[in-house]
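Written below as structure tokens is the structure these notes are about.
Naming convention: chains lettered A, B, ... in sequence-line order (proteins, then strands); numbering from 1 in each chain. Every value quoted in this text rests on a predicted model; they were computed, and no experiment measured them.
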There are 2 protein chains.
Amino acid sequence: MTLPDPYYSDSKCTIYHGDAFDILPELSGIGAVITDPPYSSGGAFRGDRARQTTTKYVQTGTAAYRPEFAGDNRDQRSFLAWCALWMNAARNATEPGAAIASFIDWRQLPVLTDAIQAGGWTWRGVAVWSKKYGRPNPAGFSSAAEFVVWGTNGPAVDRDDYPAGVFECQSPPSRDRSHIAQKPEKVMNWAVRLAAPGATIRAAKDGGYKAVGIEVDERYCEIAATRLGQEVLF
Amino acid sequence: MTLPDPYYSDSKCTIYHGDAFDILPELSGIGAVITDPPYSSGGAFRGDRARQTTTKYVQTGTAAYRPEFAGDNRDQRSFLAWCALWMNAARNATEPGAAIASFIDWRQLPVLTDAIQAGGWTWRGVAVWSKKYGRPNPAGFSSAAEFVVWGTNGPAVDRDDYPAGVFECQSPPSRDRSHIAQKPEKVMNWAVRLAAPGATIRAAKDGGYKAVGIEVDERYCEIAATRLGQEVLF
DNA sequence: GCCGAGAATGAATCCATCC
DNA sequence: AGGATGGATTCATTCTCGG
């Protein structure tokens, strides 16, 4: 298999529409991997996780139409196996010393720390995105954070930028999101600092960094390409 | 075996000096368990973790003398087994619906989420103590948080008090601590809110709550008893 | 009392060295 | 060879102290 034609491309930035397992083996020399996989979470029981993403993840009234996203109903064992496989594929595409960061919620956090190591990365920590105002939980602590499992491909390459281990940023209201799990741009800017001073794919284009995006769902490719084609994002 | 004589006791508060494995089986009716076990952490390599706590955990020059603490050099497998055992012993001492919270660092977080479930508790989340400014990490995100693994003994008892899932509090300077891993009182106040509005053992005495403390090292029992005997803590 | 400069600090991490 | 130990290094912020 060879690399498919990009869904979008400009001088700094390329988006591939396809499964990461098909695209990643064709890539090399990657300096950092920043990813937000489907969490396969959303419930304590198997039946809860198997629901469609549009119903199992909360979406309050005014939300715009947002399509289902795929691959979000694996059980914990197959989620581990699946993560280990793409972690390994991603590592094979990177240079020694490259960093990886993956968002995850508390339920799958231990699975992902296993997977990052199974995929051959050196697990180096857990960073925290504090959403400030979480869903109240009558059983105890409110759920107000997502986590970032991160590591490096072998010994780390030292950097001149030291991002904070905890980043506080309120989650945008549901009506402003194109994707149920969309992260605020500030959060992505923080996460990509693991790679280098820079920003999201969009900012990467402006800032002179090269970025490759992989997305399995064409509708989200379209949204991303539209944003990248715009001169001003907001 | 019967319950030993308390190291300290007053009308609201009791401290036992001994191993939790000896004390817990003699207790019953406990409403919540708040604990801070030795992390068996302090380094990515086995050799680092096996070092003495006074050298492997950072203590810069002016720090007051603080004794070693025990049980902090288990490997990961025996740390899991040990945690599962005391988690289970703790659960047997509690009432249905009781909550448990245990501090841990990022390295042992996945082990503790396994242990809490192995010990028969329903794992319900991971709360975050954000220290705000951690030690910089040249490999990536600074280490600026500790975690609280928490759960309940069966179905949770609903509460009207929802402690935040992320609590921000700077760590006190080294010289103000009696124990290397001493938590700020504000952090403990936050953690015990999982049980009820209240505070530390000391505050529990003042506030009318009953509290039982278990500590294996007599020197730390003595410090705790001294504090509890004082009318004013600071 | 306010302000600025310099010192101090962290459940860290990594590497060199010694036995 | 491998375990144990010592020590250099990292930086954002607070702390301390003098003006």
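Between A/Trp82 and A/Phe79, the ring planes are tilted. Angles from 30° to 60° get that label. Taking the six-membered ring for Trp and thresholds of 30 and 60 degrees, B/Tyr220 and B/His179 have ring planes inclined between 30 and 60 degrees apart.
Per the geometry, NZ belonging to B/Lys56 stands 10 Å off P belonging to C/dA12, to the nearest Å. As a whole-Å value, the separation of A/Trp123 CH2 from C/dA12 P is 15 Å. The CH2-P distance, from A/Trp150 to C/dA12, rounds to 15 Å in whole Å. As rounded to whole Å, 13 Å separates atom C1' of C/dA8 from atom CG of B/Asp176.
Side-chain contact between B/Ile23 and B/Leu3 is present, with at least one heavy-atom pair separated by less than 4.5 Å. Two residues are said to be in side-chain contact when any heavy atoms from C-beta on lie closer than 4.5 Å; A/Thr152 and A/Arg124 meet this criterion.
Under a 4.0 Å N-O distance rule, the pair A/Asp75/A/Arg77 does not qualify as a salt bridge. Under 4.0 Å is where a charged nitrogen must lie from a carboxylate oxygen, and between B/Lys183 and B/Glu146 at least one such pair does.
Look at B/Arg177 and you'll find a side-chain N or O under 4.0 angstrom from OP1 or OP2 of C/dA11. Between A/Tyr162 and the phosphate of D/dC11, there is a side-chain N or O to OP1/OP2 separation shorter than 4.0 Å. Side-chain N/O atoms of B/Ser171 include one lying less than 4.0 angstrom from OP1 or OP2 on C/dA11.
Contacts of B/Phe147 with the nucleic acid, taken as non-hydrogen atoms under 4.0 Å apart, are absent. Counting non-hydrogen atoms under 4.0 angstrom, B/Trp129 reaches nothing in the nucleic acid. Nucleic acid contact class of A/Pro163 (heavy atoms, under 4.0 Å, all strands): none. Here B/Glu146 lies in heavy-atom contact (under 4.0 Å) with a base.
The base of D/dA12 has none of its N or O atoms less than 3.5 Å from a complementary donor or acceptor on the side chain of B/Tyr133.
Atom CZ of A/Phe21 has more than 12 neighbouring heavy atoms from other residues, nucleotides or ligands inside a 6.0 Å radius. With a 6.0 Å radius and a threshold of 12 heavy atoms from other residues, nucleotides or ligands, A/Gln76 has its CD atom at or below the threshold.
In terms of position on DNA chain C, the residue among A/Ala156 and B/Pro136 whose nearest nucleotide sits closer to the 5' end is B/Pro136. Nearest-nucleotide positions on DNA chain D for B/Lys132 and B/Asn137 put B/Asn137 closer to the 5' end.
A stacked arrangement is assigned to B/Tyr39 and the six-membered base ring of C/dA11, with a centre-to-centre distance below 5.5 Å and an interplanar angle below 30°.
When atom types are taken as modelled, the side chain of B/Arg91 and the backbone of B/Asn153 share no donor-acceptor pair closer than 3.5 angstrom.
Side-chain contact of B/Ser41 with B/Asp105: a donor-acceptor pair under 3.5 Å is present, judged by distance alone. Between the side chains of B/Asp22 and B/Tyr16, no donor-acceptor pair is found at a separation under 3.5 Å. Neither side chain, B/Ser143 nor B/Arg135, offers a donor N or O lying under 3.5 Å from an acceptor on the other.
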N/O to N/O distances under 3.5 Å, protein versus nucleotides 2-4 of chain D:
from, atom 1, to, atom 2, distance (Å)
D/dG3, OP1, B/Arg46, NH2, 2.9

Please tabulate, one pair per line, each protein N/O and nucleotide N/O from nucleotides 16-19 of chain C that are separated by under 3.5 Å, including the distance.
none

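Secondary-structure annotation of DNA chain C gives the stems C:2-10 with D:11-19, C:12-19 with D:2-9, with a stem taken as at least 3 successive Watson-Crick or G-U pairs whose two distances both fall under 3.5 Å.
Each of C/dC14, C/dA12, D/dC11 was ranked by its minimum atom distance to the side chain of A/Arg124; first place goes to C/dC14. The side chain of B/Gln170 has D/dT14 as its nearest neighbour among D/dT14, C/dA11, C/dA12.
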